[in-house]
Amino acid sequence: FVWRMEDTSREIKDIQQQMWMQLSEEERFRRCGSLFSLAKAFVKERVPAGMSSEDERRFVFRELYGFELPH
């Protein structure tokens with residue numbers, strides 16, 4: 001299951017696109033990296049207690065990407 005936010009109006013999507021495109025490529029890349037780091041931190045907060053480090057790594061991967069980490 002992958003959750004997607006699809007309730008944004010076309011007008012807001014266009015505004016967001018304009019805002020992103022006004023940023024330099026480096027700044028867009030930096031912000032995306034920050035958002036990914038934040039998402040990963042939130043997932044790590046939900047790791048069930050007692051998991052091994054390998055199982056924790058697999059849990060985080062599955063939550064972020066929506067499928068199992070390849071072996």
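Between atom CZ of residue F61 and atom NZ of residue K40 there is a gap of 11.0 Å, rounded to the nearest 0.5 Å. Atom-to-atom distance recorded for E68:CD and F59:CZ is 11.0 Å, nearest 0.5 angstrom. If you take CZ on R28 and CE on M19, they are separated by 13.0 Å, rounding to the nearest 0.5 Å.
Hydrophobic clustering places M51 together with V60 (ILVMFWY residues linked when any side-chain heavy atoms are closer than 4.5 Å, directly or through intermediates). Clustering ILVMFWY residues whenever any of their side-chain heavy atoms sit less than 4.5 angstrom apart, transitively, puts I15 in a cluster other than the one holding L23. Side-chain heavy atoms closer than 4.5 Å link hydrophobic residues (I, L, V, M, F, W, Y) into clusters, and following such links, even through other members, never connects L64 to F42. Side-chain heavy atoms closer than 4.5 Å link hydrophobic residues (I, L, V, M, F, W, Y) into clusters, and following such links, possibly through other members, connects F67 to V43.
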Solution key, residues 30-37 side-chain donor-acceptor pairs under 3.5 Å, sequence neighbours excluded:
| unit_1 | atom_1 | unit_2 | atom_2 | d |
| --- | --- | --- | --- | --- |
| R30 | NE | E27 | OE1 | 3.0 |
| R30 | NE | E27 | OE2 | 3.4 |
| R30 | NH2 | E27 | OE2 | 2.7 |
| R31 | NE | E27 | OE2 | 2.8 |
| S34 | OG | R30 | O | 3.2 |
| S37 | OG | G33 | O | 3.1 |

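Checked against E63 for a side-chain hydrogen bond (donor to acceptor under 3.5 Å, both in side chains), the options R46, R58, K44 give a single hit: R46.
Residue T8 comes nearest to Q16 through the heavy atom pair CG2-OE1, 4.2 Å, listed as atom of the first residue, atom of the second, then distance.
Within a 6.0 Å sphere centred on CD of E11, heavy atoms belonging to other residues, nucleotides or ligands number 12 at most.
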